[in-house]
Structure formats: C-alpha cells, structure tokens
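Chain letters run A, B, ... following the sequence lines, proteins first and then strands; every chain starts at 1.
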Protein chains: 2
Amino acid sequence: MNTEELDRVFGALSDATRRGMLAQLAQGETNVSALAAPYAISQPAASKHLRVLERAGLIEKTRRGREQYVRVVPGPLDEAGGWIAHYAAFWRHQFDAVEAYLATAKEQKR
Amino acid sequence: MNTEELDRVFGALSDATRRGMLAQLAQGETNVSALAAPYAISQPAASKHLRVLERAGLIEKTRRGREQYVRVVPGPLDEAGGWIAHYAAFWRHQFDAVEAYLATAKEQKR
DNA sequence: AGTATTCATAGCCATATGGTTATATATTTG
DNA sequence: CAAATATATAACCATATGGCTATGAATACT
C-alpha cells in the first residue's frame with residue numbers, strides 16, 4: 001500500500017460516524033439509507049461519508065435498482081492495522097525499556 | 001478510550017510526515033530538530049505536526065534546556081490498533097463468507 | 001555581553017471535512 | 001402516468017490541516 005492510500009485509510013477512520021458505518025457493515029452489506037439511519041445527519045452528509053470511505057478503498061458499492069448496496073473491503077484495513085502493529089512492537093519495547101530503567105534507578109536509590 | 005480521542009489518534013496517523021516521525025521515535029527519543037530534519041518542511045510546520053501528535057496523546061515532550069525531547073506514548077496506538085483488529089475479524093469473516101458463497105455458486109453452475 | 005541555537009506562536013493562504021438546503025436522476029409503486 | 005423512494009450532486013458555510021514567513025523567548029556558546 002502506498003503512502004497516500006494509508007493517509008486516506010487513517011483519515012477515513014478518524015471520524016466516529018464513518019467508524020460506526022464500518023462497524024455496522026461488519027454485520028453484512030446494507031444500503032445507504034440503512035447506514036445513514038443511526039445518525040442525526042442529512043442524507044447528503046451520509047453520502048459524503050461513504051465517498052470518503054470509498055476513496056480510501058474501504059468500501060465498495062453495487063447498485064441494485066434504485067438502491068446502492070455497500071460492503072467492506074478488508075484489505076486496506078488489514079494494512080492499516082499492520083502498520084500500527086509493526087511499529088507498536090518497537091514503541092512498546094522502548095516504553096518497557098524506560099520502565100525497566102526507572103525501576104532499576106529506583107532500586108539503586110534504595 | 002473515548003470517541004474523540006480515537007478521532008484524534010486516527011487523524012494524527014493520516015499524515016505521512018507524522019507517521020514518519022512516529023517511526024523515527026521507535027528508535028528512541030529525540031529532539032524536535034532531529035524529528036524535523038528528514039522532511040523538506042519549515043520548523044514551524046514540524047512543530048505543528050508534533051502538536052497534532054501531542055493532542056492525540058501519541059507523544060509526550062520534556063524540555064531539557066533549550067531542547068525539547070519527544071517520546072512515544074504507546075497506549076493510544078494500542079487502542080487504535082485494537083479497534084481495527086476487533087472489527088477486522090468480522091469484516092474478514094464476512095469477506096470469506098462471500099468468497100465461499102461465490103465459490104459454491106460457481107460450483108452449482110458447473 | 002553579544003551571538004547563535006532551539007523551539008513556539010502569530011498571521012496568512014489554500015485545501016479538505018463535515019454539515020446544511022435545494023435540486024436532479026433513476027427506479028419503484030399505486 | 002403520477003407519486004414516492006433512493007441516491008447523487010451542487011452550492012454554500014465553518015472549522016481543521018498543512019504549508020509558509022516573521023517574530024519572540026529561552027538557553028547555550030564564545
């Protein structure tokens with residue numbers, strides 16, 4: 001995954017409404033109205049959120065008659081999760097090292 | 001972690017410069033100048049990026065003399081990773097179910 | 001003391017988000 | 001065919017980002 005794609009994926013995840021839509025889509029595909037229903041927002045606002053999710057490659061839409069069915073594309077999310085997991089190991093390690101150092105220093109002091 | 005905090009964490013991760021800074025911080029704490037050095041941006045721009053990371057709770061700064069030392073706070077990242085991992089299971093499952101269905105449908109057709 | 005370094009803040013600009021209302025288009029229903 | 005439904009798009013507004021230059025404040029160096 002290239003950099004701009006990661007930008008868009010994390011950007012798409014930075015809004016509670018869009019995260020909620022993705023969570024709802026974990027239960028299976030639905031149409032745009034059903035995705036918009038839980039939120040106190042206008043229909044165009046919901047469409048905009050879906051456009052952000054779509055540009056991030058996180059969802060795909062299929063038109064069936066007048067309805068648009070939406071489903072999650074798991075790939076980009078896996079990669080975003082992978083990015084975090086990869087560095088989290090280093091950060092956690094470093095954090096633990098500092099903790100250990102502080103514990104040792106405290107011990108020395110005693 | 002509350003919703004706005006998750007918003008800010010994912011928002012902070014949605015920029016390549018900030019992700020790069022976090023990656024650099026995996027090797028240990030450094031000062032602001034060292035973090036800014038790899039990027040062709042002005043010093044105030046770097047400070048802004050760090051402010052975004054700080055407001056997201058991803059870093060902490062300690063002033064030592066005229067220098068400001070920056071280090072990663074791993075907690076919020078773990079939670080962001082956890083959010084993705086939690087739903088990824090559902091999404092992946094659903095994706096596999098669709099795959100399986102399509103495979104079955106294809107089989108039926110033969 | 002005077003200069004250089006490190007960093008933050010203020011002020012400005014362009015673009016993206018997140019929301020709105022109004023309107024257009026396509027499909028389904030009566 | 002007419003009306004209702006589902007969705008998209010346009011146009012507008014406010015706020016946040018991401019960048020810049022200019023400047024201020026604190027610390028360190030000579």
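dT9(C) atom C1' lies 14 Å from atom CG of L50(B), rounded to whole Å. Atom CG in D7(B) sits roughly 11 Å away from atom P in dT17(D) (whole-Å rounding). Rounded to whole Å, atom C1' of dT20(C) lies 12 Å from atom CD of Q43(A). Following rounding to the nearest Å, E54(B) (CD) and dC7(C) (P) show an atom-to-atom distance of 13 Å. With rounding to whole Å, L35(A) atom CG is found 16 Å from dA8(D) atom C1'. We find that CG of N31(A) is positioned 10 Å from P of dA8(D), with the value rounded to whole Å. In this structure, R51(A) places its CZ atom 13 Å from C1' of dG18(C), rounding to the nearest Å. Residue Y39(A) contributes atom OH, which lies 15 Å from atom C1' of dG18(C) at whole-angstrom precision.
The aromatic rings of F10(B) and F10(A) lie parallel to each other, with less than 30° between the two planes, well short of the 60° mark. Ring orientation note: the planes of F90(A) and H86(A) are nearly perpendicular, at an angle over 60° on the 30°/60° scale.
Distance check: L53(B) CG to K61(B) NZ gives 9.5 Å after rounding to the nearest 0.5 Å.
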How would nucleotides 24-30 of chain D be written as a contact map, 5' to 3', with B for base contact, S for sugar-phosphate-only contact and - for no contact, using protein heavy atoms under 4.0 Å? ---BS--
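For the pair R71(B) (side chain) and E29(B) (backbone), a donor-acceptor distance under 3.5 Å is absent. Using modelled atom types, no side-chain atom of R92(B) and backbone atom of D78(A) make a donor-acceptor pair closer than 3.5 Å. A donor-acceptor contact shorter than 3.5 Å links the side chain of Q24(A) to the backbone of A34(A). Counting only distance, with no hydrogens or angles, the side chain of R64(A) and the backbone of Y69(A) share no donor-acceptor pair below 3.5 Å.
When side chains are defined from C-beta on, T3(A) counts as touching R19(B), because their heavy atoms get closer than 4.5 Å.
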Sub-3.5 Å pairs of nitrogen or oxygen atoms, protein against nucleotides 13-17 of chain C:
none

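Residue contacts for E67(B): at a heavy-atom cut-off of 4.0 Å it reaches the sugar-phosphate backbone alone, with no base atom in range. Using a 4.0 Å heavy-atom criterion, one finds that S33(B) contacts the sugar-phosphate atoms exclusively. Note on A45(B): only backbone sugar-phosphate atoms sit closer than 4.0 angstrom, heavy atoms only; bases stay farther off.
Across A12(A) and A56(A), no two heavy atoms sit closer than the pair CB-CB, 3.9 Å.
Counting heavy atoms of neighbouring residues, nucleotides and ligands inside a 6.0 Å radius, atom CZ of R51(B) does not exceed 12 of them.
No donor-acceptor contact under 3.5 Å links the side chain of Q68(B) to the base of dA8(C).
Comparing G11(A) and P44(A) by the nucleotide of DNA chain C that holds the closest heavy atom to each, the one mapping nearer the 5' end is G11(A).
In terms of phosphate contacts, S42(A) brings no side-chain nitrogen or oxygen within less than 4.0 Å of OP1 or OP2 of dG19(C). Residue H49(B) places at least one side-chain N or O closer than 4.0 Å to OP1 or OP2 of dG19(D). Phosphate contact (OP1/OP2 of dA8(D), side-chain N/O of S47(A), threshold under 4.0 Å): present.
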